[in-house]
Protein chains: 2
Amino acid sequence: MKKLDSSFKIIKQKLHEAGFKLTPQRELTVEVLLEKEKDHLSAEEIYLLVKSKNTGIGLATVYRTLEILTELQIINKLTFQDGIARYDLNMNSEKHQHHHLLCLKCGNIEEVKQDMLFEIEKEIERDYQFVVRDHRLTFHGLCRNCSNRQETEEG
Amino acid sequence: MKKLDSSFKIIKQKLHEAGFKLTPQRELTVEVLLEKEKDHLSAEEIYLLVKSKNTGIGLATVYRTLEILTELQIINKLTFQDGIARYDLNMNSEKHQHHHLLCLKCGNIEEVKQDMLFEIEKEIERDYQFVVRDHRLTFHGLCRNCSNRQETEEG
DNA sequence: CCTTAGCTGATAATGACTATCACAAAATAC
DNA sequence: GTATTTTGTGATAGTCATTATCAGCTAAGG
Ligand SMILES: [Mn+2]
Ligand SMILES: [Mn+2]
Ligand SMILES: [Zn+2]
Ligand SMILES: [Zn+2]
């Protein structure tokens, strides 16, 4: 709870600094994002969770809030295979987007917090004269559960 | 032209083996994909190019053909920031998807054919017990042109 | 021929997202 | 204080990429 509170304060601070009001709707949206920090929720999913806390919020407002939070780099907008935008909290303000492991069988998404791309980026900048700002890396494969299950089925 | 022809033959072969007919619509779609090998075309863009070769093809047919080609791993379906599906030819049947450099200023997409992720994959498989099948890696930043332009503007 | 399965094109439907607009709340001016 | 502008909200209509539907076409086999 303590970590959540301090994250909450930091985010509110950032909104404030950027000249945005701290409306109840925005506070609730941030609250949901913090509570589901590990998930990768779509706008619709966030909307439903916020509505369960306070009926009467509009879907458009959730989209607008997510847009603001994305601009301020508080969250990152990601799209995996299904083409639906998902929002990933960027607490501890990581310099670069972390990576993901997408299971092709069950659809689960796991996080990889280590960056590991530093050397590769240097290579890219040198060989392609491309200035790297950020990256998106997703591995497709089988998660622990699904690869175990596959083995027992086959064995 | 020779390389194009042989690729064409291989793709037709794969379609045939999988039990699909080699209709004129499918041939033209493959032709466009081969001609624009370096590009990352959307379904709509492919549709227009095919239609310019032979009026009277339907958009739905292009979508259906792209779906088949994706299933057969002849092309890969990718989505960058705008959420629109783009199709990337997988000739020389690369084992893993190649990488991309997306310019945040002009939107240009450049290809990176070296894999470079082999070591990282081993690390992922070991640390996360995740079986890696493929990956999607895009670097976001400034392309050669845009970073040069930026420098002269500032200087 | 006749039949069947695969394929096509037009078009309707879906669903994620965006724009619009009248109204409310807050900040600022007077 | 009240007036006025700015910011934010919710409902809802619109957009646009993609998918589903369906009647008609085509090729293959008897
Ligand atoms: Mn994540
Ligand atoms: Mn490519
Ligand atoms: Zn799984
Ligand atoms: Zn550029």
Side-chain angles (χ1 to χ4, degrees), chain A residues 11-12 14-32 40-72 74-88 107, chain B residues 11-12 14-32 39-72 75-88 107:
Chain A
I11 294 174
K12 290 208 284 191
K14 280 187 187 168
L15 277 168
H16 190 75
E17 279 170 11
F20 293 105
K21 290 178 189 167
L22 300 173
T23 66
Q25 291 89 339
R26 286 173 184 167
E27 291 208 354
L28 282 174
T29 305
V30 169
E31 209 177 295
V32 164
H40 302 85
L41 303 172
S42 67
E44 189 81 29
E45 286 165 346
I46 294 165
Y47 166 64
L48 291 174
L49 287 167
V50 173
K51 218 167 63 165
S52 74
K53 285 173 180 270
N54 179 355
T55 56
I57 191 174
L59 177 58
T61 301
V62 172
Y63 272 102
R64 281 185 290 240
T65 303
L66 292 172
E67 201 184 354
I68 291 171
L69 294 173
T70 303
E71 270 172 34
L72 298 181
I74 293 165
I75 55 179
N76 282 326
K77 189 176 180 178
L78 306 176
T79 40
F80 297 97
Q81 287 307 87
D82 57 7
I84 299 172
R86 299 185 172 277
Y87 297 87
D88 205 351
Chain B
I11 294 174
K12 291 207 283 190
K14 280 187 188 170
L15 277 168
H16 189 76
E17 279 171 12
F20 292 105
K21 289 183 186 162
L22 300 173
T23 66
Q25 291 88 340
R26 286 174 185 165
E27 291 208 358
L28 282 174
T29 305
V30 169
E31 210 177 295
V32 164
D39 290 348
H40 300 87
L41 302 172
S42 67
E44 189 81 28
E45 287 164 348
I46 293 165
Y47 167 63
L48 291 174
L49 287 167
V50 173
K51 218 167 64 167
S52 74
K53 284 172 180 269
N54 178 355
T55 56
I57 190 171
L59 177 58
T61 301
V62 172
Y63 271 103
R64 282 185 289 240
T65 302
L66 292 172
E67 201 184 353
I68 292 171
L69 295 173
T70 303
E71 270 172 34
L72 298 180
I75 56 179
N76 282 326
K77 190 177 179 178
L78 307 176
T79 41
F80 297 97
Q81 286 308 86
D82 58 6
I84 297 173
R86 300 185 170 277
Y87 297 87
D88 205 351

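Numbered from 1 within each chain, the chains take letters A, B, ... in sequence-line order.
- Applying the 4.0 Å criterion to OP1 and OP2 of dG10(D), one finds that Thr61(A) has a side-chain N or O inside that range.
- For Gln25(B), whose side chain is taken as the heavy atoms from C-beta onward, the closest listed nucleotide among dT8(C), dG8(D), dC17(C) is dT8(C).
- In this structure, the side chain of Thr55(B) does not engage the main chain of Lys51(B) through any donor-acceptor pair within 3.5 Å.
- Atom CZ in Arg26(A) sits roughly 14 Å away from atom C1' in dG10(D) (whole-Å rounding).
- Taking the side chain of Ala60(B) as heavy atoms from C-beta on, and the options dG10(D), dT7(D), dT11(C), the nearest nucleotide is dT11(C).
- The backbone N or O of Ile84(B) sits less than 3.5 Å from a side-chain atom of Asp82(B), completing a donor-acceptor pair.
- Not a single donor-acceptor pair under 3.5 Å links the side chain of Arg86(B) to the backbone N or O of Leu78(B).
- In this structure, of dC17(C), dT7(D), dG6(C), it is dG6(C) that holds the atom nearest to the side chain of Lys21(B).
- For the pair Leu41(B) CG and dA17(D) P, the interatomic distance rounds to 15 Å; values are reported in whole Å.
- Side-chain proximity of Ala85(B) to the nucleotides dA16(C), dT18(D), dC7(C) is greatest for dT18(D).
- Atom CG in Asn54(B) sits about 12 Å away from atom C1' in dT8(C), given to the nearest Å.
- With hydrogens and angles disregarded, no donor-acceptor distance shorter than 3.5 Å links the side chain of Arg26(B) to the backbone of Thr65(B).
- Nearest-nucleotide positions on DNA chain C place Ile68(B) closer to the 5' end than the other of Ile68(B) and Lys77(A).
- The side chain of Tyr63(A) has dC17(C) as its nearest neighbour among dC17(C), dA27(C), dT18(D).
- Within the 4.0 angstrom heavy-atom criterion, base atoms lie near Arg64(B).
- In this structure, Tyr87(B) atom OH and dT18(D) atom C1' are separated by 9 Å, rounded to whole Å.
- Judged purely by distance below 3.5 Å, without hydrogens or angles, the side chains of Thr61(A) and Arg64(A) pair a donor atom with an acceptor atom.
- Heavy atoms of Gly56(A) sit under 4.0 angstrom from primed sugar atoms or phosphate atoms, though from no base atom.
- Put simply, CG on Leu28(A) is 16 Å from P on dG8(D), counting in whole angstrom units.
- A straight line from CZ of Phe20(B) to C1' of dC7(C) spans 11 Å, rounded to a whole angstrom.
- Using a 4.0 Å cut-off, some side-chain N or O of Thr23(B) falls inside it from OP1 or OP2 of dT8(C).
- Rounded to whole Å, the distance from CD on Glu67(A) to P on dA16(C) is 18 Å.
- In this structure, the CG atom of Leu22(A) is 14 Å from the C1' atom of dA27(C), given to the nearest Å.
- Here Leu59(A) lies out of heavy-atom contact (under 4.0 Å) with every strand.
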